[in-house]
Amino acid sequence: MNEYDSNRIYDLVSTIGFSKTEIKKNADCFLLNTCHIREKATEKVYHEIGRVKKEFRNLQKPLVIVSGCVAQAESNEMLKREPYIDMVIGPQSYHKINDLILNYKRKKIKINETEFDVVKKFDELEKISNSQNKISSFITIQEGCDKFCNFCVVPYTRGPEFSRSFNQIIHEAKELVKNGVREIILLGQNVNAYYFSDNDKNYKLSSIIKELNNIKNLNRIRFMTSHPNDMSEDLINCYRDCEKLMPLLHLPVQSGSDKILQLMNRKHNIKQYLAILEKLKNVNKNFKISSDFIISYPEENEKDFQDTLNLINTVGFINSYSFIFSPRPGTPAAIKKINDLEKSKKKLQKLQNILEKIQLENNKNYLSKYCEVLVENKLKNDRKFFGRTKLMIPVIFEANDCKPGMLVNVKITSFSKNNLFGVSKINIEKVA
Ligand code: SAM
Ligand code: SF4
């Protein structure tokens, strides 16, 4: 979502004369769009500002702006801790950035803009077109969260659940496809909680997917991140009815232990989670799942951890993410006793080894077979290209006649845990 926000911030500031530079010293403004989900991400912000400060020691100071969730959470504290920062802007107020910059240039007074103004934000963003023309592009359709998992800062930094207007989203999607986009990834902190009502018509995530499925020249649709409790039947059936919806779902489970899920306030248990996977497999037997795992949550014991490993082995998750619990100030879990960090690191390594082994086995299955790849870009080496399979696995392949945006058939000749390698001869007819 930060990538989407960063692109939209750029669309905004380019209307008042800013343009990107690859040469750091030429910049007269630095904007860091930040994440607050784990402590490491916050510290990275201060380190990066430190680097900018050092580089500009003998040059004119650039305008320094911190936007995103760290700005939201730390607001005035941030301006005090690092006086080199001129402005903090929260994730729900970045549509005001041009006025804020112009004001700052006039008055030179530090700015803290961290209001939740999400309706206005998307209304303002609609006025300037999304300039993305990458083959695979994001669209934010929903923001915020009302679920309040005990470990998570999102409900405090992004605010309550908000869904954008259905028409706004479809319009943005059509514009992106006109720009050459061939894959759309619908985004939300709780993307499957999307719900919008307009003139007595109700729209859900499944309504958006069905509408996108009809857009000519759009080849692939994905969405993330979903919560298990919002995996409704209509959404599951989209995997049967919409051929452009890719058969990979990112559905974070966090832990394999019901005791830990309860302590986390996740509001679902493992039996319910597995029942969803069963339904998905029933509509598409090639379906695969990826997930997020938090390990060493307060009170997690060896049995709880083993339950998570067992779940991973049973389900065979691919493309997953795993993190050591990071206490976030202001959340209920932040005051709980944390586990020994060295032991946690060992646990994380053990869990990641299992995930990698499954990933490697999954990639091995492609050997000597053909698979459909959406070409994203040409690599520096003349005849090499980069693309992804339906399951998002990166593929590096050789081809004579190939362009970004094409769907091609690639014969896989070797693999690693992260990539497939191959050769393409036949272009697949466009699905659309
Ligand atoms: N809404 C999604 C869900 O309900 O699963 C997750 C979105 S959250 C922004 C992304 C991931 O960050 C979570 O799935 C979780 O694994 C991880 N995460 C969030 N808070 C964390 C914390 N305090 N410590 C470690 N990992 C955390
Ligand atoms: Fe955070 Fe997801 Fe829980 Fe919401 S549902 S509080 S975003 S982990």
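Remember, it's 1-based here, ligands and their atoms both numbered in the order they're listed.
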Asks: Test your reading of the structure: does F151 have an N or O sitting under 3.5 Å from an N or O of ligand 1?
Replies: yes

Asks: Give the atom numbers and elements of ligand 1 that come within less than 4.0 Å of a heavy atom of H227.
Replies: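 By the 4.0 Å cutoff, the relevant atoms are 4 (O).
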
Asks: If the cut-off is 4.0 Å to any non-hydrogen atom of F151, which atoms of ligand 2 fall inside it?
Replies: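 The list of qualifying atoms is 8 (S).
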
Asks: Side chain, backbone, both or neither: which part of R266 has a heavy atom under 4.0 Å from ligand 1?
Replies: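 Side chain only; the backbone of R266 stays clear of ligand 1.
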
Asks: For ligand 1, is there an atom lying under 4.0 Å from some heavy atom of I324?
Replies: yes

Asks: Rounded to the nearest 0.5 Å, what's the gap from NZ on K80 to OG on S75? Could you check?
Replies: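 Between atom NZ of K80 and atom OG of S75 there are 9.0 Å.
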
Asks: Is K281 paired with E278 through a side-chain N to carboxylate O contact shorter than 4.0 Å?
Replies: no

Asks: When I318 is tested against each of N362, L355, I289 for side-chain contact (heavy atoms from CB on, under 4.5 Å), which residue passes?
Replies: N362

Asks: Examine the side chains of Q359 and N319 and answer whether a donor and an acceptor come within less than 3.5 Å of each other.
Replies: yes

Asks: With atoms numbered from 1 as shown, which atoms in ligand 1 lie under 4.0 angstrom from a non-hydrogen atom of Q189?
Replies: 1 (N), 2 (C)

Asks: Are S344 and N339 linked by a side-chain donor-acceptor pair shorter than 3.5 Å?
Replies: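 No, N339 and S344 have no side-chain donor paired with an acceptor closer than 3.5 Å.
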
Asks: R266 heavy atoms, cut-off 4.0 Å: which ligand 2 atoms fall inside?
Replies: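 This gives 3 (Fe), 8 (S) as the contact atoms.
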
Asks: Quick one: how many protein N/O/S atoms are under 2.8 Å away from atom 4 (Fe) of ligand 2?
Replies: 1

Asks: Under 3.5 Å between some N or O of ligand 1 and some N or O of Q254?
Replies: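 Yes, at least one N or O pair falls under 3.5 Å.
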
Asks: Can a salt bridge be assigned to the pair E233 and K279 using a cut-off of 4.0 Å between side-chain N and carboxylate O?
Replies: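 Looking at K279 together with E233, the answer is yes, because their closest N to O distance falls below 4.0 Å.
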
Asks: Is a side-chain donor-acceptor pair under 3.5 Å present for E3 with N7?
Replies: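 No, no side-chain donor-acceptor contact under 3.5 Å.
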
Asks: Answer with yes or no whether the side chains of N167 and S165 bring together a donor and an acceptor at under 3.5 Å.
Replies: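 Distance-only check fails for S165 and N167.
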
Asks: Are side-chain N/O atoms of Q352 and S322 paired as donor and acceptor at under 3.5 Å?
Replies: yes

Asks: Quick one: pull up CZ in F196 and CD1 in I141 and give me the separation to the nearest 0.5 Å.
Replies: 12.0 Å

